[in-house]
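Please read the structure below before turning to the comments.
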Amino acid sequence: MTSVALYTINNSARSIARLCRASRSAHGTADFHSSVARYSTLRKCAFLPGGKWSFIIAGTRQMSQASPGRISLGRYGKSVFLVAGAAAVTGVLAAGVSHFQRAEMATKISNIEEVEGDMRERCKSFMSPPVTDIKVLEQRKDAMSTRMEMLIMETQAAFCKALEEVDGGTFKVDSWTRKEGGGGISCVMQDGKVFEKAGVNVSVVFGNLTEEAARQMRSRGKVLKGKDGKLPFCAMGVSSVIHPKNPHIPTVHFNYRYFEIEEADGTKQWWFGGGTDLTPVYIDLEDAAHFHKTLKKACDKHHPKFYPDFKKWCDNYFYIRHRGETRGIGGIFFDDLDSPNQEEAFNFVKSCAKTVVPCYLPIVYKHLNDSFTPEEKDWQQVRRGRYVEFNLVYDRGVKFGLATPGSRIESILMSLPLTARWEYMHEPKKGTKEAEILEVLRNPKEWI
């Protein structure tokens with residue numbers, strides 16, 4: 001299995017790590033938090049199943065956009081290196097130490113080949129058996145579709161276990177099949193102590209594209225030539241939306257996906273897409289900087305243009321045009337990533353997927369016990385209404401899902417909160433915290 005290495009930890013962080021490990025060995029997982037309570041510097045630490053500790057990734061960076069809806073890695077691609085084996089996602093929780101600044105927070109994975117042990121052993125850590133039969137995955141273990149399915153399953157498991165650790169609740173695991181081909185695994189936790197609704201979905205579907213789905217892709221510049229009107233496709237991805245109860249804990253969303261389409265002459269078009277973005281109810285500059293630095297560092301491993309280009313794309317994509325404001329404070333977003341080659345594009349997606357725990361969980365722990373007023377809760381409900389508007393009107397994933405026969409509607413609409421609020425002509429008073437974030441949403445800014 002993948003080995004995890006910690007780099008550039010200063011003396012303070014080393015001391016914290018030793019105390020955390022000592023607590024684990026002396027008390028076991030169940031007693032960890034009571035042991036941590038004795039150390040004020042450890043109260044933002046957390047332990048995940050699997051006994052692995054690490055500190056935060058703090059970055060990401062840039063990429064150039066060749067044309068609308070398409071990306072060119074061009075001359076940058078050769079500098080890409082393999083950052084991590086996919087199995088290392090599971091059980092790695094970044095710990096927020098004294099609001100992200102007591103130590104240089106960095107999670108890095110040893111630079112090893114993607115062999116990570118026996119496939120069946122890897123599958124034991126998943127929330128459910130994979131969508132594709134394990135025997136089939138073993139037979140085509142080198143295929144990109146297999147490698148991507150393993151990555152999204154591991155990402156789902158790592159994130160779900162991290163959320164269960166902080167909430168104390170348990171995800172309902174719901175496996176489903178699609179009669180047209182494929183299926184998925186929906187993991188949902190509702191009415192928890194921390195999270196009102198948390199969903200982490202995996203889907204692996206195949207069949208023939210509908211004309212509506214093909215039209216949406218052609219509108220982004222795709223040239224798709226079917227045979228007898230048919231376009232065989234394979235699509236897979238992991239997606240998550242987390243709606244916390246406390247208005248001082250932001251909503252987070254991520255999605256990483258892979259498409260293959262077979263054209264009339266038998267050739268295949270393929271591409272990756274995805275991103276991670278944050279939607280706070282109130283502005284916290286420290287949270288915003290931590291979130292964006294974590295993503296920037298992941299991007300910088302591949303090219304310095306990735307973060308600024310994908311950050312800008314994220315601001316433009318998550319824009320609620322009829323409101324004239326963005327959905328949140330952004331992050332990164334990319335789509336139609338198909339160059340310079342499949343391996344380098346996959347490695348970039350893998351680096352991004354490995355940030356989902358360290359970019360978000362320290363923020364959750366930081367605000368876990370923040371108090372809030374009924375008025376702040378009402379503002380959270382109003383902002384959730386905006387979230388719903390974007391997802392139902394503009395989101396590509398929702399549109400694709402609704403246009404695909406046999407799609408599971410419950411899983412597609414998992415992203416919607418349990419509760420939301422629409423107030424007629426609502427506008428916060430000038431000088432308030434509510435007005436502050438509205439100004440940022442109407443005029444996106446740089447956070448790092």
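Just so you know, these numbers come straight off a predicted model, no measurement behind them.
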* **Under the salt bridge (Lys or Arg N to Asp or Glu O under 4.0 Å) test, residues paired with R120 that sit two or more places apart** =>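 Here the qualifying residues are E138.
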
* Would you please name every residue forming a salt bridge (Lys or Arg N to Asp or Glu O under 4.0 Å) with D370, sequence neighbours left out? =>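 Salt bridge (Lys or Arg N to Asp or Glu O under 4.0 Å) check on D370 returns nothing, list empty.
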
* To do: Would you kindly say whether E434 and Y282 are connected by a side-chain donor-acceptor distance under 3.5 Å?
  =>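 Side-chain D/A pair, E434 to Y282: present.
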
For a 4.5 angstrom cut-off between non-hydrogen side-chain atoms, does [X] reach [Y]?
X: P250; Y: T279; answer: no
X: D336; Y: W271; answer: yes
X: D287; Y: P280; answer: no
X: E446; Y: H292; answer: no
X: V349; Y: Y258; answer: no

Looking at [X] and [Y], would you say the former's side chain and the latter's main chain have a donor-acceptor pair under 3.5 Å?
X: K161; Y: S125; answer: yes
X: D315; Y: P444; answer: no
X: Q156; Y: I185; answer: yes

Ring centers of [X], [Y] separated by less than 6.0 Å:
X: F310; Y: H303; answer: no
X: H253; Y: Y387; answer: no
X: F390; Y: Y317; answer: yes
X: F348; Y: F272; answer: no
X: Y360; Y: F254; answer: no

Shortest non-hydrogen contact from [X] toward [Y]:
X: K197; Y: L413; value: NZ-O, 4.0 Å
X: C314; Y: I332; value: CB-C, 3.7 Å
X: P428; Y: W379; value: CG-CH2, 4.1 Å
X: F334; Y: R257; value: O-NH2, 3.8 Å

Report all side-chain donor-acceptor pairs from residues 415-422 shorter than 3.5 Å, counting only partners two or more places apart or in another chain.
unit_1 : atom_1 : unit_2 : atom_2 : d
S415   : OG     : N391   : ND2    : 2.9
T419   : OG1    : E196   : OE2    : 3.0
T419   : OG1    : Q381   : OE1    : 2.9
T419   : OG1    : Q381   : NE2    : 3.4
T419   : OG1    : R384   : NH1    : 3.0
R421   : NE     : E423   : OE2    : 2.5
R421   : NH2    : E423   : OE2    : 3.2
W422   : NE1    : E389   : OE2    : 2.8

* To do: Just do the salt bridge (Lys or Arg N to Asp or Glu O under 4.0 Å) check on E375 and K433 with the steps written out, would you?
  => CA-CA 11 Å; E375 291 75 21; K433 294 184 297 180; over 6 Å; no

